[in-house]
There are 2 protein chains.
Amino acid sequence: MDQNKIPQATAKRLPLYYRFLNNLQHQGKTRVSSKELSDAVKVDSATIRRDFSYFGALGKKGYGYNVEYLLGFFRKTLDQDELTEVALIGVGNLGTAFLNYNFVKNNNTKIVMAFDTDPEKVGTEIGGIPIYHIDDLEGKISGVKVAILTIPASEADSVTDRLVTKGISGILNFTPARITVPEHVRVHHIDLAVELQALVYFLKHYPLD
Amino acid sequence: MDQNKIPQATAKRLPLYYRFLNNLQHQGKTRVSSKELSDAVKVDSATIRRDFSYFGALGKKGYGYNVEYLLGFFRKTLDQDELTEVALIGVGNLGTAFLNYNFVKNNNTKIVMAFDTDPEKVGTEIGGIPIYHIDDLEGKISGVKVAILTIPASEADSVTDRLVTKGISGILNFTPARITVPEHVRVHHIDLAVELQALVYFLKHYPLD
DNA sequence: TATAAGTCGTGATTAATTTCACAATTAAGT
DNA sequence: ACTTAATTGTGAAATTAATCACGACTTATA
Ligand SMILES: NC(=O)c1ccc[n+]([C@@H]2O[C@H](COP(=O)([O-])OP(=O)(O)OC[C@H]3O[C@@H](n4cnc5c(N)ncnc54)[C@H](O)[C@@H]3O)[C@@H](O)[C@H]2O)c1
Ligand SMILES: NC(=O)c1ccc[n+]([C@@H]2O[C@H](COP(=O)([O-])OP(=O)(O)OC[C@H]3O[C@@H](n4cnc5c(N)ncnc54)[C@H](O)[C@@H]3O)[C@@H](O)[C@H]2O)c1
């Protein structure tokens, strides 16, 4: 697969760059400098140039970057033309918000099915996405490689095991539980309560200037 | 203020440690080793020991850490006894989810008011929290230092300016907009679409073993 | 054509973070 | 009391990421 040489910190910024380049193109801009990008996405311009340079020389000295070219390049790099199907597990407060939103705007990702235990939800649709009973997970989820976990923390381990057994590759975990998975499965934790507490901690202990 | 010496990476993990120590205490455990903590929170045990060491020698060699002592220490460090009031701006899909949840479980934080433009929402309550019209922001928000932003991206800049004018210190920004703020204001971006895309990118380009 | 202003790509440097690895210490068992 | 197993705290090394700073090149303009 491609280059493993790209630093993880860079990889995490790529979708951000891509989205902003899309905006630029919609605005009809044809060229952009690392300085302009920097102001917009709040990443140091040297870091942006360095990030881009891992993919080769994408810009022109004294000129900047051609928006269309750069966008096309990132479209390929980020596999924007392939759709990655996603399953959502747990149609509660957060899950419902994600179903309604469904990451339509920019993405190469789409939630295609959801699961819950609540008989009132099972059998209905939200945003056109069917909600199945979690007991039907094994029958329905084949082929889907990515799951979003928005169930109670107490359910996280057992549901994760079932997802892993069905061959899931990646999990975006919103529960506070730090789930255990085999090595070949990638988990990204998004822990909203921790994020809020961390912000508060920084405010109190890291006064800004 | 305390020590600025604590690395930011460490500071971000503190709420996580705290929550897990709480769980341990509820389970009646009185001692814990960095290895056990490591298994639970998925952070290398050496990193945990290093993190703790910034606060002094909190454990005992050959024994581990006393749960009650450690918990008490972090309670103070994380200001768990002071309540930080939070305002939520934008009661849509995400905002409603946050209001219902309200970070009650562990936290020293509480959403105390919400704002929206939608006349159907203004004047109602969700989870006991009143929803005001955004036009009343300036009159109502005094004293609140932290805001959660869950409005459309197009509104992010103008609302941010108003928050800054009213003296906000920290913003948890869920919009895709990279907002501009003065130096003394801290913004944490949580960009869910980017998180999902980054996960997908890692799956395709960083095969795990 | 010459000049000035702008901007990239990158070597070198610095900073931040993680991990290794082990002496020192403790607890527990015999 | 002695031995064994466990576990911390931390210096040193390794890894990862961010930033500086400048030569080389591009464009625009006179
Ligand atoms: N809502 C928030 O703002 C918020 C913030 C931080 C963290 N979280 C975490 O996100 C997760 C979801 O939060 P929420 O507020 O949406 O909770 P919720 O209780 O509203 O929703 C959970 C949903 O999962 C379903 N469910 C329960 N067990 C299930 C199972 N075994 N299989 C499938 N579905 C199952 C429930 O029926 C419910 O619909 C929780 O772990 C919570 O701690 C939520
Ligand atoms: N819902 C998701 O899953 C999701 C995922 C990723 C990012 N986001 C981002 O989070 C933000 C909120 O998403 P959402 O799905 O909740 O959107 P939404 O449209 O459901 O909610 C936005 C709410 O903000 C209110 N609003 C509009 N202008 C306002 C203003 N000036 N002041 C106060 N309130 C105002 C609207 O009335 C609405 O209730 C968006 O920026 C979105 O891009 C959402």
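Please read these numbers as outputs of a predicted model, since none were measured by experiment. Residue numbering restarts at 1 for every chain, and letters A, B, ... go by the order of the sequence lines. The analysis underlying the following values was restricted to heavy atoms, covering all of them including side chains, and did not include hydrogens, waters or symmetry mates.
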Next item on the list: To the nearest Å, give me how far apart CD (B:Gln8) and P (C:dT18) are.
Entry: 12 Å

Item checked: Carboxylate-amine/guanidinium proximity below 4.0 Å for B:Arg162 and B:Glu138 -> yes

Check: Which residue lies toward the 5' end of DNA chain C, A:Glu36 or B:Arg13, if each is placed at its nearest nucleotide?
Finding: A:Glu36

Could you go over nucleotides 10-12 of chain C and give all protein N or O partners under 3.5 Å, atom names and distances?
residue : atom : partner : partner atom : Å
C:dG11  : O6   : A:Arg50 : NH2          : 2.4
C:dA12  : N6   : A:Arg50 : NH2          : 3.0

Notebook entry, point to check: Do the charged groups of B:Lys204 and A:Glu82 touch, with an N to O distance under 4.0 Å?
Noted result: yes

Check: What nucleic acid atoms does A:Ser34 come within less than 4.0 Å of, heavy atoms only: base, sugar-phosphate, or nothing?
Finding: sugar-phosphate

Next item on the list: Determine whether the side chains of A:Asp51 and A:Thr10 contain a donor N or O and an acceptor N or O closer than 3.5 Å.
Entry: yes

Next item on the list: Heavy atoms of chain B, cut-off under 4.0 Å: which first and last nucleotide of DNA chain D, 5' to 3', fall inside that, if you could look?
Entry: D:dA6 to D:dA12

Next item on the list: In whole angstrom, give the distance that lies between atom CG of B:Asp44 and atom C1' of C:dA21.
Entry: 12 Å

Item checked: DNA chain C-proximal residues of residues 60-73 of chain B, any heavy atom under 4.0 Å -> B:Lys60, B:Lys61, B:Gly62, B:Tyr63

Check: Quick one: do the B:Asn108 and A:Gln197 side chains pair a donor with an acceptor below 3.5 Å?
Finding: yes

Note to self: What is the distance, to the nearest angstrom, from the NZ atom on A:Lys35 to the P atom on C:dA5?
What the structure shows: 18 Å

Margin query: I'd like to know if B:Arg19 and A:Asp191 make a salt bridge, using a cut-off of under 4.0 Å between side-chain N and carboxylate O.
Written below: yes

Check: In whole angstroms, how far is the P atom of C:dT17 from the CG atom of B:Asp51?
Finding: 10 Å

Check: How about B:Lys42 and A:Thr180: does a side-chain donor come under 3.5 Å of a side-chain acceptor?
Finding: yes

Note to self: With a 4.5 Å cut-off on side-chain heavy atoms, are B:Tyr201 and A:Thr77 touching?
What the structure shows: yes

Note to self: Ring centres under 6.0 Å, that's the criterion: do B:Tyr132 and B:Phe115 meet it?
What the structure shows: yes

Checklist line | Nucleotide nearest B:Arg31 when distance is taken to its side chain, options C:dT7, C:dT18, C:dA27 | finding: C:dA27

Check: Taking the side chain as C-beta and beyond, is there a heavy-atom pair between B:Phe202 and A:His188 under 4.5 Å?
Finding: yes

Margin query: In this structure, how many angstroms lie between the C1' atom of C:dT19 and the NZ atom of B:Lys42, rounded?
Written below: 19 Å

Notebook entry, point to check: Taking 4.0 angstrom as the limit, do A:Glu195 and B:Lys12 come out as a salt bridge?
Noted result: no

Item checked: Side chain to side chain, B:Leu137 and B:Ile89, heavy atoms closer than 4.5 Å -> yes

